Amino acid sequence: MEILRGFKDILPTDIAKWHRLENIARDVLSSFGFKEIRTPILEKTSVFARGVGEATDIVEKEMYTFLDKSNESVTLRPEGTAGVVRSYIDNHLENLPYKKLYYIGPMFRYERPQKGRLRQFHQIGVEVFGISNPSIDAEIVYMDMFMLKKLGIENLRVEINNIGCDRCRPKYINQLKDYFTSHKDKLCEDCKRRLDKNPLRILDCKNKNCKAISKDAPKITEFACDNCKTHYKSVKEKLTLLNIDFIENPHLVRGLDYYTKFVFEIITDKLGAQGTVSAGGRYDGLIEQLGGKETPGIGFASGCERLIELMEEENKKQFDYYIANLDSDDYAMKIALKLIESTNKRVYIEYEKRSLKSMMKKADKMNVSFVIIVGENEKNNNTVVVKDMANSTQEEYNLKTFLDNEVKRWL
Ligand code: ATP
Ligand code: MG
């Protein structure tokens with residue numbers, strides 16, 4: 001049997017890195033006052049069609065959409081924001097005293113699988129509701145960079161742009177349309193289609209020719225209204241205050257339609273074409289668009305697989321104790337349970353009948369810290385033989401003395 005194309009198992013050999021990523025993310029996000037929210041992986045299709053935008057690549061061709069058994073159109077979530085906003089409205093979360101939320105979990109997009117691009121991938125994302133103050137825009141970029149630093153990921157570039165709002169963007173889009181129409185014959189098939197429906201998306205096309213044409217396209221800077229200009233300027237000042245270096249990229253647009261005013265990406269050169277590790281921005285119209293009250297919003301999402309790729313190998317020990325059980329199941333279990341209860345450490349009991357030599361080999365492969373050898377003799381004398389794998393020393397102890405020492409070791 002084969003796994004689906006673009007899907008990947010996360011194996012026990014890699015899990016330590018995933019745990020480290022998730023733990024650090026949770027720590028950082030909660031220190032900045034964020035609370036986790038877990039929304040369903042499957043939603044009504046309209047949540048994403050209306051939330052992400054009908055004319056985006058995601059909605060047009062990347063969604064896993066199907067009819068359930070009662071003929072309702074449902075979709076595996078391609079991104080996190082629309083579902084969180086749906087939940088925010090459904091559950092009246094505007095009544096919560098805090099409105100900073102985060103999520104961690106799988107997303108699904110029917111894309112062409114390649115390095116750094118999967119059909120099931122994971123995101124860590126945040127959303128802030130109800131704050132229009134530009135300080136929060138700067139704070140979440142800072143928090144994102146802080147999280148990446150804690151993960152040991154460096155050499156990143158922050159790109160930012162002002163993407164305008166409903167009032168000023170239409171004028172810009174018209175200009176873009178004129179510009180790209182004059183280069184229509186050189187655009188790829190997708191972009192020819194985008195020209196009518198959503199010319200802004202052409203700026204995000206990964207095709208070489210389209211990219212070259214985009215270089216000289218008009219910039220939003222000239223069209224932004226005063227409100228968007230003031231907000232964007234203020235975000236830049238605050239980023240400078242927080243010592244965040246950034247590059248202004250006037251052609252930075254995001255893959256989703258809901259963004260307004262401030263958008264950003266955090267990019268590495270180490271992953272080739274799929275170099276964006278985190279991306280986000282402000283979405284002041286989205287909550288209203290999905291049926292809620294007029295509420296400003298801002299957020300970002302980081303791609304976990306890309307972060308994992310950039311994180312250093314985990315060389316920490318995988319297990320603390322391996323109980324080399326020589327035909328003394330009950331005694332081995334008694335010791336293991338005492339260790340688990342009193343030290344809270346990771347204990348692996350061997351129940352397979354093996355020679356001591358083969359058990360030592362296995363313990364070595366499993367990268368354990370201590371091997372505890374128990375057989376008939378140890379059981380009769382109430383002792384254990386303990387091998388410290390770090391320096392290959394071995395010693396026999398009275399069981400109670402050993403357990404007391406271990407409790408102290410991990411204090
Ligand atoms: P890209 O330009 O790489 O397609 P996007 O604009 O579609 O990205 P977002 O929807 O903003 O990206 O998602 C945020 C982050 O999630 C991306 O920066 C990336 O790290 C990750 N991501 C998005 N799509 C995938 C995918 N198919 N496989 C792995 N990671 C992904
Ligand atoms: Mg994409």
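Given the structure is predicted, the values throughout are model-derived calculations rather than measurements. Whatever order the structure lists them in is the order used to number ligands and atoms, beginning at 1.
Those atoms of ligand 1 with a heavy atom of Ala301 less than 4.0 angstrom away are 14 (C), 15 (C). Residue Val277 has at least one heavy-atom neighbour below 4.0 Å for each of these atoms of ligand 1: 20 (O). If you number the atoms of ligand 1 from 1 as listed, the ones under 4.0 Å from a heavy atom of Leu118 come out as 26 (C), 27 (N), 28 (N), 29 (C).
For Ser302, no nitrogen or oxygen atom sits less than 3.5 Å from a nitrogen or oxygen atom of ligand 1, counting backbone and side chain alike.
Closest to atom 3 (O) of ligand 1 by heavy atom, among Arg117, Gln120, Gln274, is Arg117. When the heavy atoms of Tyr110, Phe121, Phe300 are ranked by distance to atom 22 (N) of ligand 1, first place goes to Phe121. The nearest non-hydrogen atom to atom 7 (O) of ligand 1, considering only Glu309, Arg112, Arg109, comes from Arg109. Closest heavy-atom approach to atom 13 (O) of ligand 1 among the candidates Glu79, Gln123, Gln114: Gln123.
Glu350 and Tyr322 form a side-chain donor-acceptor contact under 3.5 Å, judged by distance and modelled atom types alone. At a cut-off of 3.5 Å, with distance as the only test, a side-chain donor of Thr75 or Thr65 sits close to an acceptor on the other residue. Defined by atom type and a distance below 3.5 Å, a donor-acceptor pair is missing between the side-chain atoms of Gln289 and Tyr283. Ser302 and Gln123 share no side-chain donor-acceptor pair at under 3.5 Å. Tyr232 and Glu248 form a side-chain donor-acceptor contact under 3.5 Å, judged by distance and modelled atom types alone. In the model, Glu406 has no side-chain atom that pairs as donor or acceptor with a side-chain atom of Thr343 under 3.5 Å.
If you take NE2 on His231 and CG on Asp226, they are separated by 14.5 Å, rounding to the nearest 0.5 Å.
The closest approach between Arg306 and ligand 1 falls below 4.0 Å for a heavy atom of the residue. At least one heavy atom of Lys206 sits less than 4.0 Å from an atom of ligand 1.
Side-chain atoms of Leu76 and Met63, non-hydrogen and from C-beta on, never get closer than 4.5 Å to each other.
Closest to atom 17 (C) of ligand 1, if we only count protein heavy atoms, is Thr276 O, 4.0 Å. For atom 29 (C) of ligand 1, the closest non-hydrogen atom of the protein is Gly116 O, 3.3 Å. Ranking protein heavy atoms by distance to atom 21 (C) of ligand 1, first place goes to Gly303 CA, 3.6 Å. Regarding atom 27 (N) of ligand 1, its nearest protein heavy-atom neighbour is Glu111 OE2, 2.6 Å. Closest protein heavy atom to atom 8 (O) of ligand 1: Arg254 NH2, 4.4 Å.
Each of Arg5, Lys61, Arg119 was checked for a side chain to side chain contact (heavy atoms under 4.5 Å, CB included) with Tyr110, and the lone residue meeting it is Arg119.
Separation of the Phe34 and Tyr102 ring centroids does not fall under the 6.0 Å cut-off.
At a heavy-atom distance under 4.0 Å, no atom of Asp204 approaches ligand 1.
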